[in-house]
Amino acid sequence: MQSFELDKTDVSRIKLALSGGDEQLKVILGEYHASEIAILFENLTTEEQQRIINLLDVEIASEVISEMHEESHPEELLLQLHPDKRTEIVEELDYDDATDIISQLEEHEQKEILADLSEDDASSIRNLLSYHEETAGGLMNTEFIRINLNLTKKDAIDEIIRQSEEIEEFYTIFVVDNDNVFQGIVSLKDIIKAKGNAKITELVKAEVAWVYPDTDQEEVARLISQYNITSIPVLDKDHKLLGRVTFDDVIDVLEDENTEDFLKISGVSEDEELSGNWVEAVKSRLPWLILNLGTAFLASSVVRHFDDTIKQIVVLPAYMTIIAGMGGNAATQALAVTVRRISLYDLTDSQAYRTVLKEFTVGSINGACTGAIVFLFALYFDSNPMLGLVIFLAMTGNLLIAGITGAGIPLALKRVGIDPAIASSIIITTFTDVFGFLLLLGLASKLLL
């Protein structure tokens, strides 16, 4: 099966079917997977979405809502449905998916939905709502296969069959003792292959990765990726089993975190929705642009200080843009690599030092190479070897500074508890602009006048 790409034809087909009867619309919808319908929903009105959800079987409808992107606001669609239909859908959802959607609603709206659920379902969702959404507790599902350490092979298989009736999918079988204290995991394959008189205690794998409910979601994703596991258990302080986080939830986390880091590095607030309107975009971006304007004035003050030098060497402004632009690009490269390294690994002091040293070396070499090219350019077009030397030194020095700041600033911000992605780009741009102008104009004042 190929990945689904939204096409105008698909939207037109759905729109046309919506203008007709329910039976024809059901036929058309039957040609699409639930995740594809969720994508199509991005181009439909809330009223059109409601009509489709009401036509779909509860199982499919719940899958559509769970697959909807957060920015499409599935919680608002859920809230608009008839209470009976809404309750059926929520009860069909996995607890973690239901919690993710309901958590986006106001408290009184959450209570309205939970009041219609069974006591067990409502209690499970309320429990998950108590955890922060960006932690293991906020990601975990409390539905999983759990067997006792002392069961025999036959009893374990019977128990797995019994529990699987209530669970749609499971990847790992968790093993606990009589007090629900986590003892490890066991694979279904090992249980099936074991001898008839084998006990789970002989098959359990005790050395496995696990997390607490308040473990950050990025750390959860890192552990699942590092150990190549399909799910990871969530334990309380007494090591009692609370739930599991599965790899499909981690994929969403990685996508969200990468998008968030990309926006932050670009100076865009994480609060801005990609599908939001222009008002939200202005509110999100303008504060950062104003801050950036302040740093631009700082760079401008350096240029003003060397006003006499610029008047005497009129060609310098042409090279100022090159020096500053190259420094900014080099710093952004170092920043992107460093922020990504920080997000993937918990860097030790020695690793952080090696990271800065590497970017220092890269900046020095790249600065010397690009500086040599500009030196030859100045030599050919301006016939001035000393001007070429000044530009060479300024370029080399600025790219060296770009490497140090691009790696050092996010590491320093991380150390003091500030998000390195959101603050670094503006700071390093200031550094490369100020030092780029200062090096070029300062050296020109000393060597050319």
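The basis for the numbers below is simple: all heavy atoms, side chains too, and nothing from hydrogens, waters or symmetry mates.
Put simply, the side chain of T396 never gets that close to the backbone of L393: no donor and acceptor are under 3.5 Å apart. Between the side chain of D382 and the backbone N or O of N384 there is no donor-acceptor pair closer than 3.5 Å. Between the N398 side chain and the T432 main chain, a donor and an acceptor come within less than 3.5 Å of each other. Distance alone, capped at 3.5 Å, places no donor-acceptor pair between the S225 side chain and the A221 backbone. Using a distance-only test at 3.5 Å, with no hydrogens or angles considered, a donor-acceptor pair links the side chain of T135 to the main chain of H132. Here the side chain of R244 pairs a donor or acceptor atom with the backbone of E143 at under 3.5 angstrom. No side-chain donor-acceptor contact under 3.5 Å links E92 to the backbone of I89. Between the side chain of D236 and the backbone N or O of H239, at least one donor-acceptor pair lies under 3.5 Å. Judged purely by atom type and a 3.5 angstrom limit, Q49 uses its side chain to pair as donor or acceptor with the backbone of F41. Checking side-chain atoms of R13 against main-chain N and O of I28 turns up no donor-acceptor pair under 3.5 Å.
Taking NE2 from H82 and CG from N54, the interatomic distance works out to 9.5 Å, rounded to the nearest 0.5 Å. Separating the CG atom in L357 from the OG1 atom in T361 is a distance of 4.5 Å, to the nearest 0.5 Å. Taken to the nearest 0.5 Å, the CD1 atom of I53 stands 4.5 Å off from the CD1 atom of I65. Between L400 atom CG and S364 atom OG the span is 3.5 Å, to the nearest 0.5 Å. Summarising the geometry, atom CD1 belonging to I391 is positioned 11.5 Å from atom CE belonging to M386; distances are rounded to the nearest 0.5 Å. Rounded to the nearest 0.5 angstrom, L78 CG and Q50 CD are separated by 10.5 Å.
Between R354 and E359 there is no salt bridge, since no side-chain N of the basic residue sits under 4.0 Å from a carboxylate O of the acidic one. K15 and E48 are joined by a salt bridge, as a carboxylate oxygen and a charged side-chain nitrogen come within less than 4.0 angstrom of each other. Look at E107 and K111 and you find a salt bridge, because one of the NZ, NE, NH1 or NH2 atoms lies within 4.0 Å of a carboxylate O, short of that distance.
Around CD of E59, the count of heavy atoms belonging to other residues, nucleotides or ligands within 6.0 Å does not exceed 12. Under a cut-off of 6.0 angstrom, the local environment of CZ in R415 is sparse, with at most 12 non-hydrogen atoms contributed by other residues, nucleotides or ligands.
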Between K311 and D307, is the side-chain contact (heavy atoms from CB on, under 4.5 Å) condition met? List the steps. CA-CA 6 Å; K311 287 178 180 179; D307 188 51; 3.1 Å; yes

I'd like to know whether E106 forms a side chain to side chain donor-acceptor pair (under 3.5 Å) with H108, so could you lay out the CA-CA distance, the side-chain angles of the two residues, the decisive distance to 0.1 Å, and finally the verdict. CA-CA 6 Å; E106 298 293 335; H108 70 277; 5.3 Å; no

Would I323 and F437 satisfy side-chain contact (heavy atoms from CB on, under 4.5 Å), going step by step from the backbone distance to the final call? CA-CA 8 Å; I323 301 295; F437 295 151; over 6 Å; no

Walk me through it: do Y95 and D121 pass the test side chain to side chain donor-acceptor pair (under 3.5 Å)? CA-CA 8 Å; Y95 287 144; D121 289 340; 2.5 Å; yes

Can you list the steps and then say if T370 with M326 is a side-chain contact (heavy atoms from CB on, under 4.5 Å)? CA-CA 9 Å; T370 54; M326 290 295 292; 3.6 Å; yes

Take V211 and L235 through the side-chain contact (heavy atoms from CB on, under 4.5 Å) test and state the conclusion after the steps. CA-CA 6 Å; V211 293; L235 314 180; over 6 Å; no

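The closest side-chain heavy-atom distance from R341 to T355 is below 4.5 Å. By the 4.5 Å heavy-atom criterion applied to side chains, Q217 and E133 are not counted as neighbours. Residues I313 and V315 are in side-chain contact: their nearest non-hydrogen atoms beyond the backbone lie under 4.5 Å apart. Using a 4.5 Å heavy-atom cutoff, the side chains of Y212 and E219 are not in contact. You'll find the side chain of L241 reaches within 4.5 Å of the side chain of F144, heavy atoms only. Considering only heavy atoms from C-beta on, Q104 stays 4.5 Å or farther from H73 through its side chain. Looking at L29 and I14, their side chains come closer than 4.5 Å, going by heavy atoms from C-beta outward. L77 has its side chain within reach of M68: a pair of non-hydrogen atoms, C-beta onward, lies under 4.5 Å apart.
Remark: the T246 side chain and the D249 side chain contain an N/O donor-acceptor pair separated by less than 3.5 Å.
The heavy-atom pair separating F182 from I185 by the smallest distance is CZ-CG2, 4.1 Å. In terms of heavy-atom proximity, Y131 sits nearest to P213 at CE2-CB, 3.4 Å. Between A402 and A330, the shortest heavy-atom contact is CB-CB, 3.9 Å. Contact detail for E42 and S72: the closest heavy-atom pair is CG-OG, 3.5 Å. Between F375 and G388, the shortest heavy-atom contact is CD1-C, 3.1 Å. A pairwise comparison of heavy atoms in V245 and A136 identifies CG2-O, 3.7 Å as the closest pair.
In terms of the salt bridge (charged side-chain N to carboxylate O under 4.0 Å, His left out) criterion, K237 has no residue partners (sequence neighbours excluded).
Within the structure, ring pair (Phe, Tyr, Trp, His ring centres under 6.0 Å) pairs that include any residue of residues 380-416 comprise F377-F381 (at least two apart or interchain).
By the 30° and 60° cut-offs, the orientation of the rings of F435 relative to F431 is parallel.
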